[in-house]
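If you read the sequence from its start, that first residue is 1, and numbering goes on from there. Note that the coordinates shown come from a computational prediction; the quantities given were computed from them, not determined experimentally. Remember, it's 1-based here, ligands and their atoms both numbered in the order they're listed.
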Amino acid sequence: MTTKININGDIQDEAFISILDHGFLFGDSIYEVICTDHGKPCFLDEHLKRLYGSASGISLDIPHDPEWIKTQIQATLDSAGNTESYIRIIVTRGVGDVDIDPSSCFHPNLIILVKQVPQIPDESYEKGIAVALVSIKRNSRDALDPAVKTGNYLNNVLARVEAQKSGAADAIMVNPWGQLTEGTTSNLFFVRDGRLLTPEKDCGILSGITREKIIQLAQENGMALEEGKWPGEELLHADEIFLSGTVKKVMPVSILDNRPVGTGKPGPITQKMMRLYGELLESLT
Ligand code: PDD
């Protein structure tokens, strides 16, 4: 159960960052979350590609190459010695003037936090979780593009708070045009008449690594899948809903806005995808 923090190549038990870092002052940072499976970081190349994509999305130069980051991740994992780990890579703009202009920040900070993977109760996977379609909108792509994984998650924080007030564990957000987007830290899939549906990237979502794998699995296994644009109300007619993400993997949703989804239990397509994704992770080892 050890936590280790690697700051710019220095591995410590605890770490501190200046309050003058623009990551702290303005949420001017990017991040990635990776989990290990059998001790090995899963889909590491895909996550690093997205990290560099996010950096370019906020005009931030990461002062190291992917190989350096990989070496540092391994050193931090070895130092923590957990069976399975949660890895969070954060790159901040660095210390500068107390002014939003990033040009006073010359040294981005690269932090790798390694800790035990958060335990999600088996019951959540067996019974499904409750979500709420909230009033907080997902940022529009031409405001803060959700495809860029920045450290500015206040939009999602507020959505989660609204969901929790209604008794739900997570939120589903629509974009400013009322189209379905995603959860607060996960992508959205739902089933109508046997077809697996997921909001397309144009709706303003993070292009989830898990989402991509699910789309591939659906295609390889002859499952009908469609990426598209749907109004929020469409979800009220879903036969099944599930969320996807690095930590949650494939998480069934059994309650939407305090009403059962379909039969109120994880449905057959969700269960099939849970199994296929589990097998995919197994096959990587
Ligand atoms: N979140 N959408 C959002 C807004 C996310 O933050 C995430 C991931 C996803 C799923 O992406 P992926 O399958 O690549 O994990 C979708 C991570 C887990 C987090 O912030 O903790």
Side-chain angles (χ1 to χ4, degrees), residues 3 23 27 29-37 41-54 57-58 84-92 111-120 124 129 131 133-134 136-141 143-163 169-175 179-190 198-218 227 241-251 253 273-274 276-278 280-281 284:
T3 298
S29 65
I30 52 164
Y31 80 100
E32 275 298 315
V33 171
I34 305 162
C35 284
T36 62
D37 197 64
C42 256
F43 311 126
L44 182 55
D45 289 331
E46 289 91 329
H47 282 282
L48 289 180
K49 187 169 173 223
R50 192 170 67 191
L51 181 76
Y52 282 83
S54 295
I58 67 160
E84 296 295 358
S85 293
Y86 166 104
I87 305 160
R88 191 180 186 93
I89 311 172
I90 307 157
V91 189
T92 68
I111 298 135
I112 301 166
L113 182 151
V114 164
K115 62 172 190 137
Q116 184 92 355
V117 178
Q119 289 304 307
I120 300 177
S124 301
I129 60 164
V131 302
L133 202 51
V134 294
I136 296 274
K137 304 284 181 289
R138 191 70 179 107
N139 289 323
S140 91
R141 293 184 72 197
L144 181 58
D145 188 351
V148 180
K149 196 161 171 58
T150 73
N152 193 323
Y153 256 47
L154 196 49
N155 177 211
N156 310 39
V157 171
L158 296 180
R160 178 77 67 95
V161 168
E162 185 181 334
D170 209 342
I172 304 293
M173 290 170 277
V174 294
N175 65 20
Q179 296 156 337
L180 286 166
T181 62
E182 58 182 347
T184 57
T185 53
S186 51
N187 289 113
L188 168 70
F189 287 84
F190 59 106
T198 192
E200 66 186 41
K201 291 181 195 168
D202 267 3
C203 296
I205 59 168
L206 181 74
S207 176
I209 312 287
T210 321
R211 174 184 182 275
E212 289 298 316
K213 301 294 169 192
I214 288 171
I215 291 173
Q216 267 172 26
L217 285 171
E227 293 177 73
I241 302 176
F242 65 84
L243 301 176
S244 72
T246 295
V247 179
K248 288 188 182 72
K249 302 187 169 45
V250 178
M251 173 60 74
V253 170
M273 196 47 81
M274 290 167 78
L276 289 174
Y277 190 72
L280 172 68
L281 293 183
L284 301 175

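Checked by distance only, ligand 1 and Gly208 stay at 3.5 Å or farther apart across all their nitrogen or oxygen atoms. Ligand 1 has a nitrogen or oxygen under 3.5 angstrom from a nitrogen or oxygen of Thr210. Between His47 and ligand 1, not a single N/O pair is under 3.5 Å apart. Among the atoms of Ser244, none of the N or O lies under 3.5 angstrom from an N or O of ligand 1. Residue-to-ligand polar distances keep Arg211 apart from ligand 1: every N/O pair is separated by 3.5 Å or more. At under 3.5 Å, not a single nitrogen or oxygen of Arg88, backbone or side chain, sits near a nitrogen or oxygen of ligand 1.
Nearest protein heavy-atom neighbour of atom 6 (O) of ligand 1: Tyr153 OH, 2.5 Å. In terms of protein heavy-atom proximity, atom 10 (C) of ligand 1 is closest to Asn187 OD1, 3.6 Å. Closest to atom 21 (O) of ligand 1 among all protein heavy atoms lies Val33 CG2, 3.5 Å.
Between Thr246 and Cys35, some side-chain heavy-atom pair lies under the 4.5 Å cut-off. Residues Ile120 and Lys249 are not in side-chain contact: their nearest non-hydrogen atoms beyond the backbone lie 4.5 Å or more apart. Proximity of Lys149 to Arg50: side-chain heavy atoms (C-beta onward) are separated by under 4.5 Å at one or more points. Counting heavy atoms from C-beta outward, Tyr86 and Val33 have side chains that approach closer than 4.5 Å.
Here Ile209 has heavy atoms under 4.0 Å from ligand 1 in both its backbone and its side chain. Of the heavy atoms in Ile205, none comes closer than 4.0 Å to ligand 1. Contacts between Ser186 and ligand 1, counted as non-hydrogen atom pairs separated by less than 4.0 Å, involve the backbone only. Only the side chain of Arg50 comes within 4.0 Å of ligand 1, counting heavy atoms alone; its backbone N, CA, C and O stay farther away.
A donor-acceptor contact shorter than 3.5 Å is absent between the side chain of Ser124 and the backbone of Ile129.
Separation of atoms CG (Asp145) and CG (Asn139) is listed at 9.0 Å; rounding is to 0.5 Å. With rounding to the nearest 0.5 Å, the separation of CD in Gln179 from SG in Cys203 is 5.0 Å. Note that CZ of Arg160 is 5.0 Å distant from OG1 of Thr185, once rounded to the nearest 0.5 Å. Atoms OG1 and OH, from Thr210 and Tyr277 in turn, are 4.0 Å apart once rounded to the nearest 0.5 Å.
Atoms of ligand 1 found under 4.0 Å from any heavy atom of Glu182, numbered from 1 in the order shown, are 2 (N), 3 (C), 4 (C), 16 (C). Listed by number with element, the atoms of ligand 1 under 4.0 Å from a non-hydrogen atom of Gly245 are 10 (C), 13 (O), 15 (O). Interface of Asn156 with ligand 1, defined as ligand atoms under 4.0 Å from a residue heavy atom, comprises 4 (C). Each of the atoms 19 (C), 20 (O) of ligand 1 lies under 4.0 Å from some heavy atom of Tyr31.
At a 4.0 Å cut-off, not a single heavy atom of Phe43 sits close enough to ligand 1 to count as contact. Assignment of Lys149 to the shell around ligand 1 is supported, since a heavy atom sits closer than 4.0 Å.
The ring of Tyr153 has its center closer than 6.0 angstrom to the ring center of Tyr31.
Defined by atom type and a distance below 3.5 Å, a donor-acceptor pair is present between the side-chain atoms of Glu84 and Thr36.
The residues Lys213 and Glu46 are annotated as salt-bridged, a charged nitrogen and a carboxylate oxygen being separated by less than 4.0 angstrom.
When Leu188, Thr184, Thr246, Thr181 are ranked by how near their heavy atoms come to atom 4 (C) of ligand 1, first place goes to Thr184.
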